[in-house]
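All remarks here apply to the structure that follows.
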Amino acid sequence: MKVATGTRARVLAACVSLVVVLSGCAPTGDESEQVERDPVPFQVLQTYPDIDVVENLAYGAGADAGGAEILVDVCLPEEARTPASVTVEPAAATDGPVGDQDAPDGAVTASTARPAVLSVHGGSWRQGDKANVYWRSACQWLASEGFVAFSVNYRLAPANPYPAAIEDLRQVVRWLRDDAQVERFDIDPDRIGAFGGSAGGNLVSLLGLEGTGDLTEGSRVAAVVNLSGPTDLTTNGFELGGVVPAFRQVQLDYLGCASYADCPQAQAASPLYSVDESDPPFFVGHSLDEIIPVQQSDALVELLRGTGVDVTYLNIEGTLHSIAMLDDPIRLQIADWLRDKLEP
């Protein structure tokens with residue numbers, strides 16, 4: 001396990017503005033840039049009638065404690081192969097390798113394969129669904145930007161405590177790299193990113209920071225977008241802007257612990273303790289006055305930068321949490337960032 005200790009969050013004063021409704025910092029490395037924008041309407045619930053969704057595919061995670069199968073929805077870019085060619089049954093394997101110039105008609109080649117983005121819903125690790133109207137909109141938005149988006153369900157606490165949810169995310173990434181999914185959805189298994197908000201932000205961060213191997217193998221991902229995700233679930237996290245008592249209990253329920261005094265898994269479930277130089281690029285977004293203290297993201301960004309990881313950090317005035325912060329400029333910024341980090 002990768003462990004970092006003695007970290008205290010830095011408040012990024014350059015991101016604070018008292019005169020604009022929405023402002024952002026998009027620093028990379030040690031550099032910061034402040035961007036001021038005019039007020040914009042709340043735009044999280046956008047519809048994408050031209051984006052087709054293939055629903056309820058089993059990805060091998062099995063069932064939750066109640067026996068319900070864990071499933072994923074797939075949002076297809078307009079230019080992707082037609083939904084009629086997408087079936088629930090595994091596609092037949094081709095004779096040649098993916099990308100072979102002599103591959104049969106319809107096979108994935110290096111020139112047609114698309115990046116995939118895993119979309120992970122929030123809900124305090126205990127509720128939420130891939131088909132929630134807001135997360136369906138997020139999945140279709142990602143597809144509208146040219147990504148094949150996979151909106152995933154995972155086992156929920158308290159019936160399925162840690163590490164059930166992260167185990168499911170590892171499984172879905174491995175599933176995406178199977179030849180059957182590469183062929184079925186025209187995806188590039190070397191270009192898989194992860195996008196999540198709130199509890200989903202915590203999970204995609206943990207997914208991105210786990211391990212030290214190649215970002216194109218196993219359950220590793222090549223880019224991570226974390227919006228409002230908690231990063232330290234240990235008692236040290238209480239010092240990062242404070243954690244309200246009610247949310248402390250939510251964390252304990254997710255961790256499967258009766259108290260923090262006897263909860264070693266709290267550290268394993270905290271992205272802050274898994275940072276090293278092998279980690280993928282991160283885009284972190286966090287509102288300054290929302291329910292999850294911004295200091296949680298400050299601390300993660302500081303550690304990532306200190307280790308030499310490429311980080312873009314967006315601070316937003318106000319209280320908008322998770323995907324509620326997604327106005328048009330932020331959507332564009334995230335999509336451009338994903339395209340840059342998931343280039344062939």
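Between H121 and Y154, the ring-plane angle classifies as parallel under the 30° and 60° cut-offs.
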request  = Check step by step if side chain to side chain contact (heavy atoms under 4.5 Å, CB included) holds for R305 and V301.
outcome  = CA-CA 6 Å; R305 287 186 177 150; V301 168; 3.6 Å; yes

task = Would you sort out whether I323 and L227 count as a side chain to side chain contact (heavy atoms under 4.5 Å, CB included), showing the intermediate values?
result = CA-CA 7 Å; I323 56 173; L227 304 180; 4.3 Å; yes

request  = Apply side chain to side chain contact (heavy atoms under 4.5 Å, CB included) to the pair V275 and L300, showing each step before the final yes or no.
outcome  = CA-CA 8 Å; V275 173; L300 178 62; 4.0 Å; yes

key: Full working for side chain to side chain contact (heavy atoms under 4.5 Å, CB included) between S137 and Y134   = CA-CA 5 Å; S137 175; Y134 299 107; 5.6 Å; no

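Judged by distance alone, the side chains of R248 and Q251 never bring a donor and an acceptor atom under 3.5 Å apart. In summary, the side chains of E210 and S219 do not present any donor paired with an acceptor at a separation below 3.5 Å, with no hydrogens or angles considered. D328 and Q46 share a side-chain donor-acceptor pair at under 3.5 Å.
With rounding to the nearest 0.5 angstrom, the CD atom of E302 is 12.0 Å from the CD atom of Q295. Going from atom CZ of F283 over to atom CD1 of I330 covers 7.5 Å, rounded to the nearest 0.5 Å. Between E217 atom CD and L215 atom CG the span is 9.5 Å, to the nearest 0.5 Å. Expressed to the nearest 0.5 Å, how far CG of L240 lies from CG of D298 amounts to 8.5 Å. In this structure, CZ on R114 lies 9.5 Å from CZ on R191, to the nearest 0.5 angstrom. Taken from CZ in R331 to CD in Q333, the straight-line distance is 13.5 Å, to the nearest 0.5 Å.
Contact record, I51 with Q140: O-NE2, 3.1 Å, taken as the closest heavy-atom pair. Contact detail for A138 and F195: the closest heavy-atom pair is CB-CE2, 4.5 Å. Listed here is the closest heavy atom pair of L342 and A222: CD2-CB, 3.8 Å. The two atoms that bring G211 and S278 nearest to each other are O-OG, 3.6 Å, heavy atoms only. Considering all non-hydrogen atoms of both residues, A223 and P280 come closest at N-CB, 3.9 Å. Closest approach of A131 to R136, counting heavy atoms only: CB-NH2, 3.9 Å.
Looking only at side-chain heavy atoms (C-beta outward), N315 and V294 come within less than 4.5 Å of each other. Side chains of F247 and S124 form a contact here, defined as non-hydrogen atoms less than 4.5 Å apart. With a 4.5 Å cut-off on side-chain heavy atoms, L320 and E290 do not count as touching. Taking the side chain as every heavy atom from C-beta outward, V148 and P77 approach each other to under 4.5 Å. Two residues are said to be in side-chain contact when any heavy atoms from C-beta on lie closer than 4.5 Å; L203 and W125 meet this criterion. Residues Y59 and F150 fail the side-chain proximity criterion, which asks for heavy atoms closer than 4.5 Å. Taking the side chain as every heavy atom from C-beta outward, T319 and S287 never approach each other to under 4.5 Å. Side-chain contact between L233 and Y162 is absent, with no heavy-atom pair separated by less than 4.5 Å.
Judged by distance alone, the side chain of R126 and the main-chain N or O of Y254 form no donor-acceptor pair under 3.5 Å. Side-chain atoms of E145 do not come within 3.5 Å of backbone N or O of A335 as any donor-acceptor pair. Looking at Q265, its side chain does come within 3.5 Å of a backbone N or O of L255 through a donor-acceptor pair. Between the side chain of Q296 and the main chain of D232, a donor-acceptor pair closer than 3.5 Å is present. At distances below 3.5 Å, at least one donor-acceptor pair connects side-chain atoms of R177 with backbone N or O atoms of T216. Remark: side-chain polar atoms of T307 are paired, donor with acceptor, to backbone N or O of L303 under 3.5 angstrom. Judged by distance alone, with hydrogens and angles left aside, the side-chain atoms of S228 form a donor-acceptor pair with the main-chain N or O of S322 at under 3.5 Å. Distance alone, capped at 3.5 Å, is enough to place a donor-acceptor pair between the D279 side chain and the D276 backbone. No donor-acceptor distance shorter than 3.5 angstrom exists from the side chain of S270 to the backbone of L272, with no hydrogens or angles considered.
For CG of L332, the number of neighbouring non-hydrogen atoms (other residues, nucleotides, ligands) closer than 6.0 Å is greater than 12.
A salt bridge does not link R220 to D190: none of the charged nitrogens lies less than 4.0 Å from a carboxylate oxygen.
Of the listed residues (L304, D310, T312, V204), just one forms a side chain to side chain contact (heavy atoms under 4.5 Å, CB included) with F282, and that residue is L304. Tested against R155 for a side-chain hydrogen bond (donor to acceptor under 3.5 Å, both in side chains), the candidates D168, D64, N160 yield a single pass: D168.
For D289, there are no side-chain hydrogen bond (donor to acceptor under 3.5 Å, both in side chains) partners two or more places apart in sequence or in a different chain. Shown here are the side chain to side chain contact (heavy atoms under 4.5 Å, CB included) partners of L71, two or more places apart in sequence or in another chain: N56, A58, E69, K130.
One hydrophobic cluster, built from ILVMFWY side chains closer than 4.5 Å, cannot hold both V53 and V74; they sit in different ones.
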